[in-house]
Amino acid sequence: MTTKYLCASIMVAFFCWGSASELVANSDTSPYVELFSDDFESDLSQWNFPSPNLHGVLGAHMSVTQTESFEGSGSATFDTMVRGGSAFTDRIAVNPGQTYRLQVAHKGLVEIQRAGYVGFNLFSSNDDASYIHEKWLMGPKATNDFQTVGAMKPDQTFDMAAFAPANNLIWETTDWRLYETSYTIPAGDANYLSIKMEGTPDIFFDNVRLELIPEPSAALLALLAMSGLLVRRRR
């Protein structure tokens, strides 16, 4: 009898798991939610520049070129590399504890310290004075993350200090390739981010995407929990 109940419970569990998989496939929240995209086909209207970066160095050294592209006809490149970021998007609202996927197409130098990097600036509110720290996500080599030291100074800049290795996703080829990585917003005060990029004139970026990775729905979690309990009860 016990064996019969166990087999029946396993069948129910597989049924529930199949139903859960179908729910994921058909759920309105299953696709990633796009928050930002730029293919650099025309201008740089989505990038907040000219703008000083958080090290107090003026940015505005990025431009659109028609000589290179991952898709379409244009891409972004740089006139001069500026430490700490050469171009920034406006701040984008995010939620602590949620995970976001960043996709970037890259072409250029690899294994060169001063080459192309992509990352985030994190803010507690929608203003420069609430800046918390920077998070580098992609680059030619591993670097460090930096955080602010003290309050914003009268010249509207911060002192910065390294606080953790960044563990960058490293560029693997000098040809065009689409890279992606994910980042979970830490619990605390980070409620906004700004995408930032920097590079030299022989670095190109295209197809920048930022997407929210949705969390499983409450119904899906309940279904999975129920299937696990059914199997456990019949053991």
Side-chain angles (χ1 to χ4, degrees), residues 36-40 43-65 67-70 74-92 100-123 128 131-148 156-181 183 192-210:
F36 176 89
S37 66
D38 199 339
D39 296 329
F40 303 107
D43 57 34
L44 295 167
S45 59
Q46 297 193 83
W47 298 82
N48 179 27
F49 84 108
S51 171
N53 66 24
L54 276 302
H55 294 277
V57 181
L58 285 176
H61 296 284
M62 186 170 74
S63 58
V64 170
T65 176
T67 62
E68 291 283 350
S69 67
F70 176 70
S75 65
T77 190
F78 300 87
D79 305 317
T80 303
M81 182 176 183
V82 178
R83 179 174 175 268
S86 299
F88 311 85
T89 66
D90 290 332
R91 287 173 289 273
I92 302 166
Y100 297 81
R101 181 176 76 162
L102 180 65
Q103 287 187 323
V104 177
H106 169 270
K107 177 181 179 179
L109 303 175
V110 296
E111 299 182 356
I112 303 297
Q113 186 63 41
R114 295 185 63 82
Y117 288 88
V118 180
F120 295 148
N121 283 339
L122 298 175
F123 302 83
D128 286 339
Y131 177 71
I132 302 172
H133 68 84
E134 64 182 23
K135 174 67 182 177
W136 292 108
L137 294 167
M138 304 178 187
K141 291 187 176 183
T143 181
N144 291 319
D145 293 335
F146 289 81
Q147 66 182 1
T148 59
Q156 304 300 300
T157 65
F158 288 97
D159 288 327
M160 306 287 291
F163 77 99
N167 297 320
N168 304 63
L169 177 64
I170 307 300
W171 312 131
E172 295 181 347
T173 175
T174 57
D175 294 324
W176 279 112
R177 178 174 171 180
L178 187 65
Y179 296 82
E180 68 173 58
T181 187
Y183 179 65
Y192 290 85
L193 65 78
S194 171
I195 304 171
K196 64 178 180 178
M197 301 196 305
E198 68 178 43
T200 54
D202 42 11
I203 301 297
F204 304 92
F205 291 116
D206 204 354
N207 286 31
V208 179
R209 301 277 188 279
L210 179 68

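Count residues from 1 along the sequence. Values below: every heavy atom of this structure, side chains too, minus hydrogens, waters and symmetry copies.
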Query raised in the report: Between atom NZ of K107 and atom OG1 of T174, what is the distance when rounded to the nearest 0.5 Å?
Result: 8.0 Å
Report summary line: In terms of heavy-atom contacts, I170 and A142 come closest through CD1-N, 3.7 Å
Query raised in the report: Would you say V208 and Q46 make side-chain contact, with heavy atoms under 4.5 Å?
Result: no
Query - Rounded distance (nearest 0.5 Å) linking atom CE of M160 with atom CD of Q147 - result: 8.5 Å
Query raised in the report: Who passes side chain to side chain contact (heavy atoms under 4.5 Å, CB included) against S75, sequence neighbours left out?
Result: T65, E68, W176, F204, D206
Requested in this report: In sequence, state the C-alpha distance, the side-chain angles, and the governing distance for D39 and R209, and then conclude on side-chain contact (heavy atoms from CB on, under 4.5 Å).
Outcome: CA-CA 9 Å; D39 296 329; R209 301 277 188 279; 2.9 Å; yes
Report summary line: Across all chains, not counting sequence neighbours, the side chain to side chain contact (heavy atoms under 4.5 Å, CB included) partners of D202 are L109, T200
Query - Closest contact, heavy atoms only, M62 versus A87 - result: CE-CB, 3.5 Å
**Report entry** Residues forming a ring-ring contact (aromatic ring centres under 6.0 Å, His included) with Y179, sequence neighbours excluded
**Finding:** W171
Requested in this report: Just jot down the side chain to side chain donor-acceptor pair (under 3.5 Å) partners of S37, sequence neighbours excluded, or say none.
Outcome: E34
Query raised in the report: Can you list the residues that meet the salt bridge (Lys or Arg N to Asp or Glu O under 4.0 Å) rule with R91, with sequence neighbours excluded?
Result: D128
**Report entry** Nearest-0.5 Å distance, OG1 of residue T77 to CD1 of residue I203
**Finding:** 7.5 Å
Query raised in the report: Can you list the residues that meet the salt bridge (Lys or Arg N to Asp or Glu O under 4.0 Å) rule with D38, with sequence neighbours excluded?
Result: none
Query raised in the report: So which heavy atom on G74 is nearest to which on S69, and how close?
Result: O-CB, 3.4 Å
Query raised in the report: To the nearest 0.5 Å, what is the distance between CZ (F120) and NZ (K196)?
Result: 11.0 Å
Query raised in the report: Do side-chain atoms of D145 reach the backbone of H133 as a donor and acceptor pair under 3.5 angstrom?
Result: no
Query raised in the report: What pairs with Y117 under ring-ring contact (aromatic ring centres under 6.0 Å, His included), at least two apart in sequence or on another chain?
Result: W136
Report summary line: Sequence neighbours excluded, the answer for side chain to side chain donor-acceptor pair (under 3.5 Å) partners of N144 is none
Query raised in the report: For the side chain to side chain contact (heavy atoms under 4.5 Å, CB included) test, which of D90, L193, I92, L102 pairs with F36?
Result: I92
Report task. Check the surroundings of atom CD in E180: do more than 12 heavy atoms from other residues, nucleotides or ligands lie under 6.0 Å from it? Result -> yes
Requested in this report: Could you pull out all residues at least two apart from Y100 that satisfy ring-ring contact (aromatic ring centres under 6.0 Å, His included)?
Outcome: none
Query - side chain to side chain contact (heavy atoms under 4.5 Å, CB included) partners for A164, two or more places apart - result: none
Query raised in the report: About how many Å separate CG of L169 and CG of L137, when rounded to the nearest 0.5 Å?
Result: 8.5 Å
Query raised in the report: Step by step, would you call H106 with F205 a ring pair (Phe, Tyr, Trp, His ring centres under 6.0 Å)?
Result: CA-CA 5 Å; H106 169 270; F205 291 116; 5.6 Å; yes
Query raised in the report: What residues, two or more places apart in sequence or in another chain, satisfy side chain to side chain donor-acceptor pair (under 3.5 Å) together with E172?
Result: R177
**Report entry** Where F40 and V64 come nearest, the two heavy atoms and their spacing
**Finding:** O-CG1, 3.6 Å
Report summary line: Sequence neighbours excluded, the answer for side chain to side chain contact (heavy atoms under 4.5 Å, CB included) partners of L178 is F70, Q103, A105
